[in-house]
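Index from 1, following the sequence. These numbers come from the heavy atoms of this one structure, side chains and all, not from hydrogens, waters or symmetry mates. Atoms within each ligand, like the ligands themselves, are counted from 1 in listed order.
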Amino acid sequence: MLLVHKYGGTSVGSLERIENVASRVSKAREEGHDLVVVVSAMSGETNKLIEYAHHFTPNPAKQEMDMLLSSGERVTAALLSIALQAKGHDAVAMTGRQAGIVTDTSHTYARIETIDPTAMQNAIKQGKIVIVAGFQGVNKEGNVTTLGRGGSDLSAVAIAGALSADACEIYSDVDGIYTTDPRIEPKAKKLDIISYDEMLEMASLGAKVLQNRSVELAKKLNIKLYAKSSFSDNNGTLITKESANMEEVLVSGVVLDKNQARVTLRNVSDKPGIAAEIFTKLAKENINVDMIIQNVGIDGATHLGFTVAQNELERAKKVIESFDHDIKGMDFDENICKVSVVGVGMRSHAGVAAQAFSTLASSNINIEMIATSEIKVSMVINEKYGELATRMLHEAYGLDN
Ligand code: ASP
Ligand code: MG
């Protein structure tokens, strides 16, 4: 089999850990697999490099930032290759450019456009283990680019696609995707399998094991993705395309997102274009808006509520305040959280949402906002009940056993 492994920052966070990764790769090699290994920078390294740049100016040029940040991954790629060679393996380390990864020109948040896998394929044919520096590529002008924070997951999936690999295994310090955060509910269980769509909902809801863009790409390319730990030999979780028996499970997971704040706008002028103006301006400021709710307008005015990430609230406030001629009252509430149940089984079973509402009602927890998609029910509640609600829902859908 041809396998792509990807090791995150914590997994390569020290020389001992790189040694540990070398042993794991070496073991997979001895099992007879061809291997391409994508690595992140050592944990903390990317942040440290950003701080270095900020010593000189708060706004360093993006092209220089890419030059700077891409170096972190090169260090680990080279060290891992050296560690493997020291164990007697034939290995070669490549930068993104050497691996044939061509991106667009948007520095610090580049998109992969094409991958020419020839160099990787030739090295594999020569019996080499290929180690690739993640998170980076090169644009048409020949300048190094990076793919956005957490981007080495994306490198790994894209490489798995370009090589038609049998699987892409993403290693971190967590051994898979859980039914909920085990720190909130110790009865949480590791899932053996989950669909791409469920994973995307769980990731954007705060279960930060895999970078979202990488899951989207895996879905598009239909790549078998595994989330595994580099510190254990557990099976991990397989993220793959939806199958009929997945629908037997109503709810696969319960996700709590505490990094939420609510904006309520009262008596907004009820005229065409006002929502467009407000949300365009928020989008221009790169503020991600979620759960937008607008009421039916009465007497030329309407109420509008939405949530943003808590750490973006201050910026959202500034944008909203610039609309004071069209909005009569505004409220900003940080004491909320969002609890969601996710599962493809909702597509074919009725009553899943009703059960979520009754579960919270039975504990006297007031639901302040509701949003649903085909495979998700999200509820905004008071932050102080977030963990209780998570445990109640986990139990209600039978995830405790
Ligand atoms: N080193 C980069 C970051 O910290 C990319 C990655 O780890 O995936 O964001
Ligand atoms: Mg990462």
Task: Gly151 to ligand 1, any heavy atom closer than 4.0 Å - done: yes

Which atom pairs, donor and acceptor, lie under 3.5 Å between side-chain atoms of residues 272-288 and protein residues at least two apart or in another chain?
unit_1 : atom_1 : unit_2 : atom_2 : d
Thr280 : OG1    : Ala276 : O      : 2.4
Lys281 : NZ     : Ser322 : OG     : 2.9

Task: Any Arg315 side-chain heavy atom under 4.5 Å of Val308 side chain - done: no

Side-chain donor-acceptor pairs of residues 71-87 under 3.5 Å, sequence neighbours excluded:
unit_1 : atom_1 : unit_2 : atom_2 : d
Ser71  : OG     : Leu68  : O      : 2.6
Glu73  : OE2    : Ala41  : N      : 2.9
Thr76  : OG1    : Ser40  : O      : 2.7
Thr76  : OG1    : Gly72  : O      : 3.3
Thr76  : OG1    : Glu73  : O      : 3.1
Gln85  : NE2    : Ala91  : O      : 2.9
Lys87  : NZ     : Glu19  : OE2    : 3.1

Task: Side-chain H-bond candidate by donor/acceptor type, Asp66 with Thr145, under 3.5 Å - done: no

Open item on the list: I need the atoms of ligand 1 closer than 4.0 Å to a non-hydrogen atom of Ser40, numbered in the order shown.
Closed with: 6 (C), 7 (O), 8 (O)

Task: Any Gly150 heavy atom less than 4.0 Å from ligand 1 - done: yes

Open item on the list: If you define the side chain from C-beta out and look only at heavy atoms, does anything of Val377 sit under 4.5 Å from Phe357?
Closed with: yes

Task: Location of contacts on Glu73 toward ligand 1, heavy atoms closer than 4.0 Å - done: side chain

Task: Those atoms of ligand 1 less than 4.0 Å from some heavy atom in Arg149 - done: 3 (C), 4 (O), 9 (O)

